[in-house]
Asker: 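Take a look at this one; I'll ask things after.
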Amino acid sequence: MSTITESDVGKADSCAELESRIKSKQARFGVIGLGYVGLPLALTLSDAGFNVTGIDIDTNRVDAIVAGRSYITDVRDEELRKATLEKRFRATTDLSEIRNLDAVSICVPTPLRKTKDPDMSYVISAADAIAKELHPAQLIILESTTYPGTTEELVLPALEARGLKVGADFFLAYSPERVDPGNPDFNTRDIPKVIGGVTPRCAKMAALLYGSAMKTIVPVSSTRVAEMVKLLENTFRSVNIALVNEIALMCAHLKIDVWEVIKGASSKPFGFMPFYPGPGLGGHCIPIDPLYLEWKSKIDGFESRFIGLADKINSGMPRYVVTRAMELLNEHGKAMRGSRIHILGVTYKKDISDSRESPALEVIKILMALGASVTYSDPFVPSLSVEGHNIEAIHPSREVLAACNLAVIITNHTAFDYTEIVRNAPLVFDTRNAAFGMKAKNLIRL
Ligand SMILES: NC(=O)c1ccc[n+]([C@@H]2O[C@H](COP(=O)([O-])OP(=O)(O)OC[C@H]3O[C@@H](n4cnc5c(N)ncnc54)[C@H](O)[C@@H]3O)[C@@H](O)[C@H]2O)c1
């Protein structure tokens, strides 16, 4: 017969206490890092009836929330104002508020260092801030995309350093965010949520919390599996985009229209999924996350091949775009030096305001280094800093388009009038097939 130990009593108490607080929606939820991932997550939990505190070290972001101004395309000002006015959601820069929370999700950045190694400093500082305030029956969920092992190798030791035991006193899980900025068809509530806990109790608590606010929970057996799920998803995209980018280069060489090829292949009702070529990868996920996986597997003695190759092909695309632009100008008797190039779109994908890691930045940088005079239009980005040069966006008016030597479409924003662009610019290089269906002598596609 098994006897009940003191620690079993602790486990049962912590579990029951948190469970009852979540079920009654009395649990106070917090998000550390109010960015593209954290702010929608905070509002989703607040919509589900929880009292939510958002914590961010960026005073500008916290001030914007307090003023009811959203800085995330997918979050409307009214939505934010409603949540703050009804006192369901508040934002603060005070990390000590963690002590008042029952559950905390970590949504801080996971960028790369210049050496392309993971920069874990944000996760470490968030974990340290939680460790200072950690209390019994608290649930911690890491959301940031990261290499397999992070939750148990990095976050867990920081949290247990003060004597509390995971699975007994507090709960720790990993649940990757899958938000697709700018995609109105899917939001945080509707996208299935993968969850892996350090212990079964941890997984149960995280599933209970997120299951109260999100439609579908997908439990997996461990935090490592959950971490790897996200990396498989993003590596899948990176590798397939690299493949289609290489096919695009090949088609240009063979004088075949790659866009027509993709359209033809997409008619196959099974076994094919279209990916599209472009000027290069961008954003905080696809160009970065696979390199986290490559780094981790290399440390553990496994040399991956696809990831590095995909990175090489994708990160070569901005230079390829410039080379093609140079050739087009050359065919019209112009040198790049002194030419006026107008860039259409500088965000990494259409209809969003995020220009982080955008290939437009690299394209503009190379064009400037070659002596071109660069202007740009983007309804979402009023100004841009490239290599210390500040450039203000201008409206792509008839005069602006007519005055350039070459217009390069980098982002296929819906707001652009592609008919007007092709009608007025002397030469258009379309890297996204944004002007699909149009035929004109001055329109050249990737
Ligand atoms: N952007 C996306 O589309 C997306 C999608 C899925 C997953 N992710 C992953 O989610 C994570 C967050 O990405 P994001 O795009 O929301 O980043 P972001 O830069 O928009 O937001 C992160 C926020 O964290 C804050 N922050 C940093 N350190 C902090 C600390 N110690 N305490 C409190 N706040 C802190 C920053 O000020 C910033 O506001 C990353 O790991 C990313 O890879 C992003």
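Order of listing sets the numbers, starting from 1, for every ligand and every atom in it.
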Asker: With a 6.0 Å cut-off (strictly less than), is the heavy-atom count around CZ of Arg237, excluding the residue itself, greater than 12?
Answerer: no

Asker: Would you say the side chains of Asn51 and Arg28 form a donor-acceptor pair under 3.5 Å?
Answerer: no

Asker: For the 3.5 Å polar cut-off, considering only N or O atoms, please tell me whether Arg356 and ligand 1 meet it.
Answerer: yes

Asker: Please write down residue, atom name and distance for the protein heavy atom closest to atom 39 (O) of ligand 1.
Answerer: Asp56 OD2, 2.6 Å

Asker: Return the residue, atom name and 0.1 Å-rounded distance of the protein heavy atom closest to atom 21 (O) of ligand 1.
Answerer: Gly35 CA, 3.2 Å

Asker: Which atoms of ligand 1 have any heavy atom of Lys230 under 4.0 Å away?
Answerer: 6 (C), 7 (C)

Asker: With a cutoff of 4.0 Å, is Gly283 in contact with ligand 1, counting heavy atoms of the residue only?
Answerer: no

Asker: Is it true that Lys365 and Glu362 have a side-chain N and a carboxylate O under 4.0 angstrom from each other?
Answerer: yes

Asker: Do Thr73 and Ser353 pair up side chain to side chain, a donor and an acceptor below 3.5 Å, judged on atom types alone?
Answerer: yes

Asker: Which bit of Cys285 gets closer than 4.0 Å to ligand 1, counting heavy atoms only: side chain, backbone, both or neither?
Answerer: side chain

Asker: Quick one: which ligand 1 atoms are inside 4.0 Å of a heavy atom on Ile32?
Answerer: 32 (N), 33 (C)

Asker: With heavy-atom distances below 4.0 Å as the criterion, list the atoms of ligand 1 near Ser125.
Answerer: 31 (N)

Asker: Using a strict 4.0 Å cut-off to heavy atoms of Asp58, name the atoms of ligand 1 that fall inside it.
Answerer: 37 (O)

Asker: Do the charged groups of Asp180 and Lys349 touch, with an N to O distance under 4.0 Å?
Answerer: yes

Asker: Okay, side chain of Tyr292, backbone of Pro111: is any donor-acceptor separation there less than 3.5 Å?
Answerer: yes

Asker: Answer with yes or no whether the side chains of Glu143 and Ser105 bring together a donor and an acceptor at under 3.5 Å.
Answerer: no

Asker: Hey, are the side chains of Ile307 and Leu291 touching, using non-hydrogen atoms and a 4.5 Å cut-off?
Answerer: yes

Asker: Which atoms of ligand 1 sit under 4.0 Å from any heavy atom of Pro109?
Answerer: 19 (O), 22 (C), 24 (O), 27 (C)

Asker: Which bit of Lys349 gets closer than 4.0 Å to ligand 1, counting heavy atoms only: side chain, backbone, both or neither?
Answerer: neither

Asker: Given that the side chain starts at C-beta and the backbone is N, CA, C, O, which of these parts of Pro181 lies under 4.0 Å from ligand 1, counting heavy atoms, or is it both or neither?
Answerer: side chain

Asker: What protein heavy atom is closest to atom 35 (C) of ligand 1, reported as residue, atom name and distance in Å?
Answerer: Ile57 CG1, 3.6 Å

Asker: Does a side-chain heavy-atom distance below 4.5 Å link Tyr276 with Val258?
Answerer: no

Asker: Inspect the surroundings of CD in Glu260 and state if more than 12 heavy atoms from other residues, nucleotides or ligands are less than 6.0 Å away.
Answerer: no

Asker: Looking only at protein heavy atoms, identify the closest one to atom 24 (O) of ligand 1 and say how far it is in Å.
Answerer: Gly33 CA, 3.2 Å

Asker: Between Arg178 and ligand 1, is there a nitrogen or oxygen pair with a distance under 3.5 Å?
Answerer: no

Asker: Could you say whether the N/O atoms of Thr145 and ligand 1 ever approach to under 3.5 Å?
Answerer: yes

Asker: A quick test of your reading: do over 12 heavy atoms of other residues, nucleotides or ligands sit less than 6.0 Å from CD of Glu19?
Answerer: yes

Asker: Below 4.0 angstrom from a heavy atom of Arg61, which ligand 1 atoms are there? Numbered from 1 as shown, please.
Answerer: 18 (P), 20 (O), 21 (O), 38 (C), 39 (O)

Asker: Using a strict cut-off of 4.0 Å, indicate which atoms of ligand 1 neighbour a heavy atom of Thr110.
Answerer: 40 (C), 41 (O), 43 (O)

Asker: With respect to Tyr36, determine whether any N or O atom, backbone or side chain, lies less than 3.5 Å from an N or O atom of ligand 1.
Answerer: yes

Asker: Flag the pair Lys296 and Glu153 as a salt bridge only when some basic side-chain nitrogen lies within less than 4.0 angstrom of an acidic carboxylate oxygen.
Answerer: yes

Asker: Does some non-hydrogen atom of Glu143 fall short of 4.0 Å from ligand 1?
Answerer: no

Asker: As an exercise, identify every atom of ligand 1 less than 4.0 angstrom from a heavy atom of Ser144.
Answerer: 11 (C), 41 (O)

Asker: Please report which non-hydrogen protein atom sits nearest to atom 11 (C) of ligand 1, along with the residue it belongs to and the distance in Å to one decimal place.
Answerer: Val108 O, 3.4 Å

Asker: What protein heavy atom sits nearest atom 6 (C) of ligand 1, and how far off is it?
Answerer: Glu177 O, 3.2 Å

Asker: Checking ring-ring contact (aromatic ring centres under 6.0 Å, His included) for the pair Trp295/Tyr147: CA distance, chi angles, key distance, verdict?
Answerer: CA-CA 8 Å; Trp295 174 86; Tyr147 60 83; 5.0 Å; yes

Asker: Contact between Ile106 and Ile130 at the side-chain level, heavy atoms closer than 4.5 Å - yes or no?
Answerer: yes

Asker: Give the residue, atom name and distance (to 0.1 Å) of the protein heavy atom nearest atom 42 (C) of ligand 1.
Answerer: His284 CD2, 3.6 Å

Asker: Side chains of Asp74 and Asn187: do they bring a donor and an acceptor to under 3.5 Å?
Answerer: no

Asker: Could you tell me the residue and atom name of the protein heavy atom closest to atom 10 (O) of ligand 1, and the distance to it rounded to 0.1 Å?
Answerer: Val37 CG2, 3.4 Å

